[in-house]
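On a predicted model such as this, the values are computed, not experimentally measured, just so you know. Basis for what follows: all heavy atoms, side chains included, without hydrogens, waters or symmetry-related copies. Throughout, a chain's letter reflects where its sequence line sits, starting with A, and its residues are numbered from 1.
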Protein chains: 2
Amino acid sequence: MTMKPADDLRRSVLDASLALIAERGLAGLSMREAARRAGVSHQAPYHHFGDREGILAAIVGEGFVELAADCRAAIEGIDDPIARLEACGQAYIRFAMRRPAHFKLMFRSEHVSAPRHDEIMAKGESAFDLLIRTAHDAAVGGIGEADDALAITSWGLAHGIATLLIEGKLEKKCGDDPRAQLAAAMQALSTFSAMQRAARKKV
Amino acid sequence: MTMKPADDLRRSVLDASLALIAERGLAGLSMREAARRAGVSHQAPYHHFGDREGILAAIVGEGFVELAADCRAAIEGIDDPIARLEACGQAYIRFAMRRPAHFKLMFRSEHVSAPRHDEIMAKGESAFDLLIRTAHDAAVGGIGEADDALAITSWGLAHGIATLLIEGKLEKKCGDDPRAQLAAAMQALSTFSAMQRAARKKV
DNA sequence: ATGGATCACTAGACAGTGTCAAGTTAAGAA
DNA sequence: TTCTTAACTTGACACTGTCTAGTGATCCAT
C-alpha cells in the first residue's frame, strides 16, 4: 500500500510544521511558512487540514499513538505492579523529553479543541486510556485498596515532573545538563515507588 | 503615595489584558485590543511595557508574589512538617485554579524569556524559591535523610495535579464539577502525605 | 467517448496583528 | 525663555489566518 501523492503533500506539510515548531517554538508555526517550505501555495495545506488547528490535531493524534506504544513497550516483561507503574512513568517522561512539542499540544486545552477533531482525539485517547488503566491497575494491585486516588497521584507526579523538565524549571536545582535533569526526574519516580512499597508493607 | 496618571494607564492596560485573557484565552490577548479597551491609541501600551512580552512579564511577576503569599499563609501555624508540605501543595493547587492564566504564564518557558525581564522574574522567583525551600525543609524534616529528591517529587506532584486540573484533563475521571475535581486533587495530596508518613515510620 | 462532478491545488483579497519611525503636546529644569 | 524628557498619537510595513473565486486534472456513469 503505497502513499498517494495527496498523502505525500499532507506528510511534507506536517513535517515542515514540526521542523518549524522545533526551530521557532509552538507560536512560530505558521500555515504560510509551512506551505512555503513544502513548496506549495499558501492555501494548499487548508485542503488537507482545513484549519490551522487541523495541523495541531494531527500532531496530537500521532503523539498519543507514540506515547501509548512507548508505555506498552516499557512495561512489557515486568511483573511487579509497582515496578510496572514506575516503568510507565519513565516512558512518559522520556516521551515528553523526546517530543516536547507533541507533549505540550497533547496536554494543553487551548490548542486543539477536543469536541472538534473528535475522531482523531478518540483514536489517540483510547490508546492513552490504556496507559492510564495500566497505571491504575498497577497501583491498585500494589497497594491493595485505594482506587482512583493512587492512579491520579501517580499520573500527576509523572505529568508534573515531565512538565517541569521540558519547561526548564529543573535547571536551577539540577544544572543545565539534560542528562542530570533526567536523572533527577527518574530519582523522583523511584522515591515515589519506594514510598509506595513502604506504605504497602505497613498495611 | 497616590498613583501617578502614568501608572494609572499602566494599570488599566494590565487589567484590560487580564480581562481579555479571561475571555479569549492566552492567545486572545492583543496589544491593540487591550489599548482599545483602555481607551488609548494602539501604541500607548508600548510606552509602559515595551513589548507584548512586557505585559506577560508583569503578569508573571504579580503571579509569583501572590503564590508565595498564599503558600506562606497556608503553612502558618502548622508544625508537623508533612502537614506543612501538604498545606503548601493545597495552596499551590488552589492558586492554579483561581488564576489559571497566571499559572500557565509563570511555568511555561515560551511566553516570557527569563534573561530579559530578569528584574521582574528575580523579584518573583525569590519569593517562589522560599516556597520551594519550605517544601524542601518540610520534606527533609519529615523523612530524615533523602534531600533533593523528595522536594522535587513533592513539587512535581503538586505541579502535575495543578496542571492536569486547569487543563481539564481530570474531567473524564472526576466529572465536570470543578469542586469534585478539586476534591480529587486534594485527595491525591493526602494520599501522598499518607505514603510519606508510612515510609517514615518504616525507617 | 463524453459530459459532469469531484479533487488538489493556485491566486487574490481582507481584516487583524506586532512593531518601527516620526510627529505632537505638556511639564519641568537650566 | 529655551531645552529636555515623558507620555502619548498617527501612519506605515510585513506578516498572519482565512474567505472567495478560479483552474486543470481525474474519475465515473451514461
Side-chain angles (χ1 to χ4, degrees), chain A residues 1-60 101 105 108 110-113 115-117, chain B residues 1-60 101 105 108 110-113 115-117:
Chain A
M1 164 170 152
T2 70
M3 266 197 292
K4 288 188 297 186
D7 292 335
D8 207 21
L9 175 54
R10 188 191 142 91
R11 188 66 246 173
S12 56
V13 168
L14 214 46
D15 288 341
S17 300
L18 287 169
L20 210 48
I21 292 176
E23 283 175 35
R24 309 184 190 174
L26 277 179
L29 167 61
S30 130
M31 294 294 261
R32 296 177 101 108
E33 178 65 22
R36 234 168 269 140
R37 295 197 181 191
V40 291
S41 85
H42 69 271
Q43 275 291 357
Y46 280 81
H47 192 77
H48 295 274
F49 298 100
D51 216 331
R52 194 188 121 105
E53 198 178 310
I55 294 189
L56 303 180
I59 295 175
V60 166
L105 288 174
R108 290 180 183 178
E110 68 227 65
H111 301 293
V112 178
S113 97
R116 299 179 55 198
H117 314 105
Chain B
M1 164 172 152
T2 71
M3 266 198 291
K4 288 188 298 184
D7 292 334
D8 207 19
L9 175 54
R10 186 190 144 92
R11 188 67 245 173
S12 56
V13 167
L14 215 45
D15 289 341
S17 300
L18 287 170
L20 210 48
I21 292 176
E23 282 176 35
R24 309 184 190 175
L26 277 179
L29 167 61
S30 130
M31 294 294 261
R32 295 176 101 108
E33 180 63 22
R36 233 168 271 140
R37 295 197 181 191
V40 291
S41 82
H42 69 269
Q43 275 292 355
Y46 281 81
H47 193 77
H48 295 276
F49 298 100
D51 218 330
R52 194 188 121 106
E53 198 178 311
I55 293 188
L56 302 180
I59 295 175
V60 166
L105 288 174
R108 291 180 184 179
E110 68 226 67
H111 301 293
V112 177
S113 95
R116 300 178 56 200
H117 316 103

Query raised in the report: With a 4.5 Å limit on heavy-atom distance, are the side chains of B:Gln43 and B:Met31 in contact?
Result: no

Query raised in the report: Out of D:dT9, C:dC9, D:dA6, which nucleotide sits closest to the side chain of A:His47?
Result: C:dC9

Query - Whole-Å distance separating the CZ atom of A:Arg10 from the C1' atom of C:dC7 - result: 16 Å

Query - Residue pair A:Leu29 / A:Arg52, side-chain heavy-atom distance below 4.5 Å - result: yes

Please write out the pairs of protein N or O atoms and N or O atoms of nucleotides 23-25 of chain D separated by less than 3.5 Å, giving the distance to one decimal.
none

Query - Ion pair check, B:Asp15 and B:Arg37, cut-off under 4.0 Å - result: no

Query - Min side-chain heavy-atom separation B:Arg108-A:Arg108 under 4.5 Å - result: yes

Query raised in the report: Quick one: are A:Leu20 and A:Arg36 in side-chain contact, heavy atoms under 4.5 Å?
Result: no

Requested in this report: Please lay out, stage by stage, how B:Phe49 and B:Leu56 fare under the test side-chain contact (heavy atoms from CB on, under 4.5 Å).
Outcome: CA-CA 9 Å; B:Phe49 298 100; B:Leu56 302 180; over 6 Å; no

Requested in this report: Please examine the side chains of B:His117 and B:Val112, heavy atoms only from C-beta on, and report whether any two atoms are closer than 4.5 Å.
Outcome: yes

Query raised in the report: Do the side chain of A:Glu53 and the main chain of A:Ser113 share a donor and acceptor less than 3.5 angstrom apart?
Result: yes

**Report entry** Contact pattern, 5' to 3', of nucleotides 17-22 of chain C - B, S or - by protein heavy atom under 4.0 Å
**Finding:** SBBBB-

Report summary line: To the nearest angstrom, the CG-C1' distance between B:Asp8 and D:dC8 comes to 15 Å

